[in-house]
Amino acid sequence: MTAQPTNLSGLDLRAEIDRLRKERKAVILAHYYQKPEIQDLADFVGDSLELSRKAAATDAEVIAFCGVKFMAETAKILSPEKIVVLPDLDAGCSLEDSCPPDQFAAFRAQHPDHIALTYINCSTEVKALSDVIVTSSSAETILAKIPPEQKIIFGPDRHLGGYLNRKFGRDMLLWPGVCIVHEAFSETELLKLKAQHPDAPIAAHPECPAHIVDHADYVGSTSGILNYAKATDGDTLIVATEPHIIHQMELAMPGKTFIGAPGADGNCNCNICPYMALNTLEKLYLALRDLTPRIEIEEGLRLEAKKSLDAMLAMASGTVGQGDLGRP
Ligand code: 13P
Ligand code: SF4
């Protein structure tokens, strides 16, 4: 059950989190879509691949995972001996929700000559039904290693799958899931914004639909977008992904301007991930204090899911991300 933040007034949450982090021998991992106050006190901020690698390698006794449930479950699959807590257990993902394991199993059974290459944004059960997991930063490296004649099912994100199909000339069968956050960007509003800033390049996450990605100068994972922001000339960048990543850009490049790509009415908050937003400093404090809500996974299921994650980590070796804030 998710801890309820009550009676915490008067507490210096940052100091308390710091104290508990040491007491519990905990590491705080945070995704780029977390609120700035969480990113700022995390030991490590990164994309899905980097966070998986950190979770697999850490010698901490507790992992406080500030992200969504599939990410915390990945940490538990890779580090079963650790206590893994997620500040809010309701922090899910629309892509995971779009892909119920029984329906995915039936789809696989209909295509026995296909392997399942599956986006990490899915349940542990779907990982256990898959052959190789990919993240947005490892998908291209991994797909390039799979022979062109091999038939592939790609799920659950049809936009990432479609982008990979177009880029690599593949015809992977796509599961029809979408990210509600990236789906909400408006092409009309993006073009209006671009007209106001004609020299600003557009960087987009591959979870965006084709009508957004087609206008992008760069397409890549959250870390990829951050690296692109650092490498590209010019003082303004249009960012078509969840806007909390702009916090890291502003920290690293205070002289540049970063503009979040607009949603349908040009000014909505529809591109803020409602699941990521459930985590708060209060809930993180309670999670460290009470060591709950905890991620628990049945051992047989964990071992099955680990096979497809291990395949990803092996096939993605050499894929470099960016996200280390320099703390141990
Ligand atoms: P990244 O792996 O690029 O960080 O993406 C995670 C995610 O959920 C994007 O919506
Ligand atoms: Fe899932 Fe989209 Fe939120 Fe990422 S941004 S966690 S894909 S709902």
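Counting convention: from 1, in listed order, for ligands and their atoms alike. Values in this document were obtained by computation on a predicted structure and should not be read as measured data.
Residue, atom and distance of the protein heavy atom nearest to atom 1 (Fe) of ligand 2 are C93 SG, 2.4 Å. From the protein, the heavy atom lying nearest to atom 3 (Fe) of ligand 2 is C273 SG, 2.4 Å. Of the protein's non-hydrogen atoms, H205 NE2, 3.3 Å is the one closest to atom 5 (O) of ligand 1.
Salt-bridge formation is detected for the pair R108/D131: a Lys NZ or Arg NE/NH1/NH2 atom is positioned less than 4.0 Å from an Asp or Glu carboxylate oxygen.
For H182, the closest heavy-atom approach to ligand 1 falls below 4.0 Å. Between E207 and ligand 2 there is a heavy-atom distance shorter than 4.0 Å.
Those atoms of ligand 1 with a heavy atom of S48 less than 4.0 angstrom away are 1 (P), 2 (O), 4 (O), 5 (O), 6 (C). Each of the following atoms of ligand 1 lies closer than 4.0 Å to a heavy atom of Y33: 7 (C), 9 (C), 10 (O). Residue Y275 approaches ligand 2 through these ligand atoms, each under 4.0 Å from one of its heavy atoms: 8 (S). Of all atoms in ligand 1, numbered sequentially from 1 with element shown, those under 4.0 Å from a heavy atom of E207 are 7 (C), 8 (O), 9 (C), 10 (O). Close contacts between ligand 2 and S94 involve ligand atoms 8 (S) [criterion: under 4.0 Å to a heavy atom]. Shown in contact with L95 at under 4.0 Å from a heavy atom are these atoms of ligand 2, numbered in order with element: 7 (S). The S221 neighbourhood of ligand 1 comprises atoms 3 (O), with distances under 4.0 Å to a heavy atom of that residue.
Side-chain contact between P100 and V126: absent, with no pair of heavy atoms (C-beta onward) separated by less than 4.5 Å.
Proximity of the aromatic rings of W175 and F104 is defined here by a centroid distance below 6.0 angstrom, and this criterion is met. Taking the six-membered ring wherever Trp is involved, the centroid distance between the rings of H159 and Y163 does not fall below 6.0 Å.
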Quick one, R53 with E50, criterion salt bridge (charged side-chain N to carboxylate O under 4.0 Å, His left out). Give me CA distance, side-chain angles, the key distance, then yes/no.
CA-CA 5 Å; R53 285 173 169 160; E50 295 158 346; over 6 Å; no
With salt bridge (charged side-chain N to carboxylate O under 4.0 Å, His left out) as the test, would you mind laying out the steps for K167 and E140 before giving the verdict?
CA-CA 9 Å; K167 182 156 180 178; E140 296 190 18; 3.0 Å; yes
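Not a single N or O atom of D47, backbone or side chain, sits closer than 3.5 Å to an N or O atom of ligand 1. In terms of polar-atom proximity, defined here as any N/O pair under 3.5 Å, T135 makes no such contact with ligand 1.
At a threshold of 2.8 Å, atom 1 (Fe) of ligand 2 has no backbone or side-chain N, O or S atom of C179 nearer than that distance.
Under the 30°/60° scheme for interplanar angles, the aromatic rings of H182 and Y33 are found to be tilted.
Of the candidates R302, K306, K307, K307 is the only one forming a salt bridge (Lys or Arg N to Asp or Glu O under 4.0 Å) with E304. Partner S48 forms a side chain to side chain contact (heavy atoms under 4.5 Å, CB included) with one of T222, T74, I120 and no other, that one being I120.
The proximity of N121 to ligand 1, defined as any non-hydrogen pair under 4.0 Å, is limited to the side chain.
Panel note: side chain R24, backbone E61; no donor-acceptor pair is recorded below 3.5 Å.
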